[in-house]
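Data block below; observations after.
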Amino acid sequence: KDGSWRIVESTSKNMLNDPAIAGIVVNFRDVTEQRKAEETAQAAQKQIVGILDSFDAIIWSQSPWDRKFLYVSPAAERILGHPIAPVLENPQSYLDIVIPEDRHRVDFGPEILEKGKSDTEYRILRPDGEIRWLRSRGWVVKDDKGSVVRLDGITSDITQRKRADEAIVREKTYLQGILDNSLNLI
């Protein structure tokens with residue numbers, strides 16, 4: 001009516017052999033609003049993925065039941081130094097890159113389900129031999145009825161902070177030694 005373009009969907013059926021119709025029946029349906037809504041949703045999803053992908057941390061979402069990852073941001077490969085595909089296929093394989101003494105800290109599934117959140121620090125071994133410290137924080141996401149639907153979280157590389165903390169401890173120990181020796185001289 002107003003001269004604007006519309007998007008239509010059509011179906012047709014050959015009814016030439018039906019003596020009552022003797023033609024091809026075509027039905028049209030206006031799907032303009034549906035397509036606009038789909039495009040808006042796709043644009044919003046693309047924007048959200050772009051935002052998540054820009055973080056210098058691993059953003060993740062996991063099924064609480066089978067522990068499969070629903071989403072892992074691209075920063076994972078950069079931070080971990082490992083391809084993420086094997087972890088997506090088998091979430092338990094993530095433990096292979098965690099330093100053995102720290103593996104008990106990584107499986108926070110029971111803790112997160114019980115407490116509703118988790119916060120842990122652990123070390124990983126990258127393929128280049130570098131050990132990195134990670135901090136992983138996770139929380140339970142529930143639906144409107146209070147049922148757990150997924151676990152979401154963020155894992156950050158805290159290696160620089162840990163190195164700075166270690167340097168402070170070394171410096172403090174060194175200065176304490178000087179102070180102790182100075183008191184012995186007096």
- Nearest-0.5 Å distance, CD1 of residue Ile24 to CG of residue Leu16: 5.0 Å
- Message: For the backbone of Leu125 and the side chain of His82, can you confirm whether one donor and one acceptor N or O come within less than 3.5 Å of each other?
- Response: yes
- Got a sec: does the CD of Gln47 have more than 12 other heavy atoms crowding it under 6.0 Å? no
- Item | Non-neighbouring partners of Val8 that pass side-chain contact (heavy atoms from CB on, under 4.5 Å), sequence neighbours left out | Phe28
- Sorted by chain and residue number, the salt bridge (Lys or Arg N to Asp or Glu O under 4.0 Å) partners of Asp119 (sequence neighbours excluded) come out as Arg135
- Message: Checking side-chain polar atoms at under 3.5 Å, does Gln42 have a donor or acceptor matched by the opposite partner on Glu38?
- Response: no
- Task: Might you point out which heavy atoms bring Val72 and Ala76 nearest each other, and give the distance in Å?
- Result: CG1-CB, 3.5 Å
- Message: Please enumerate all residues that pass salt bridge (Lys or Arg N to Asp or Glu O under 4.0 Å) together with Arg29, with sequence neighbours excluded.
- Response: Glu9
- Query: Are Ile124 and Ile158 co-members of a hydrophobic cluster defined by side-chain heavy atoms under 4.5 Å apart?
  - Reply: no
- Message: Using the side-chain contact (heavy atoms from CB on, under 4.5 Å) criterion, which residues pair with Ala75? Sequence neighbours excluded.
- Response: Ser73, Arg78, Ile79
- Item | Contact summary for Met15 and Val25, nearest pair of heavy atoms | CG-CG2, 3.6 Å
- Query: If two hydrophobic side chains count as joined below 4.5 Å and joins carry through other members, does Leu70 share a cluster with Ile51?
  - Reply: no
- Query: Mind checking whether Arg6 and Glu33 have side chains closer than 4.5 Å, heavy atoms only?
  - Reply: yes
- Message: Quick check on Gln92: does its CD atom have over 12 non-hydrogen neighbours (other residues, nucleotides or ligands) under 6.0 Å away?
- Response: no
- Separation between CD (Gln62) and CZ (Arg150), nearest 0.5 Å, reads 12.0 Å
- Query: Which atoms form the tightest heavy-atom contact between Thr159 and Ile131, and what is the distance?
  - Reply: CG2-O, 4.3 Å
- Task: Return the set of residues passing salt bridge (Lys or Arg N to Asp or Glu O under 4.0 Å) with Asp128 (not counting sequence neighbours), or none when no residue passes.
- Result: Arg126
- Message: Between Leu175 and Ile168, is there shared hydrophobic-cluster membership here, with clusters defined by ILVMFWY side-chain heavy atoms closer than 4.5 Å?
- Response: no
- Query: Which distance, rounded to the nearest 0.5 Å, do you find between the CG of Asp56 and the CG of Asp157?
  - Reply: 7.5 Å
- Message: With clusters defined by side-chain heavy atoms of hydrophobic residues (ILVMFWY) lying less than 4.5 Å apart, directly or transitively, does Phe69 cluster with Val148?
- Response: yes
- Message: Looking at every non-hydrogen atom in both residues, tell me the closest pair between Asp30 and Ile7 and how far apart they are.
- Response: OD1-O, 3.3 Å
- Rounded to the nearest 0.5 Å, what separation is found between the CH2 atom of Trp60 and the CD1 atom of Ile84? 12.0 Å
- Query: So does Asp66 have more than 12 non-hydrogen atoms from other groups sitting under 6.0 Å from CG?
  - Reply: yes
- How about Ile112 and Val140: do any of their side-chain heavy atoms sit closer than 4.5 Å? yes
- Could I get the full list of salt bridge (Lys or Arg N to Asp or Glu O under 4.0 Å) partners for Arg103, not counting sequence neighbours? none
- Report whether Leu80 and Ile99 are members of the same hydrophobic cluster (ILVMFWY, side-chain heavy atoms less than 4.5 Å apart, transitive linking). no
- Note on the structure: Taken to the nearest 0.5 Å, the spacing of Arg67 CZ from Leu151 CG works out to 6.5 Å
- Item | For Pro64 against Val149, the heavy-atom pair lying closest together | CD-O, 3.6 Å
- Task: List the atom of Asp2, the atom of Ser4, and the distance in Å for their closest heavy-atom pair.
- Result: OD1-OG, 2.7 Å
- Message: Please report the interatomic distance CD(Glu166) to CH2(Trp133), rounded to the nearest 0.5 Å.
- Response: 7.5 Å
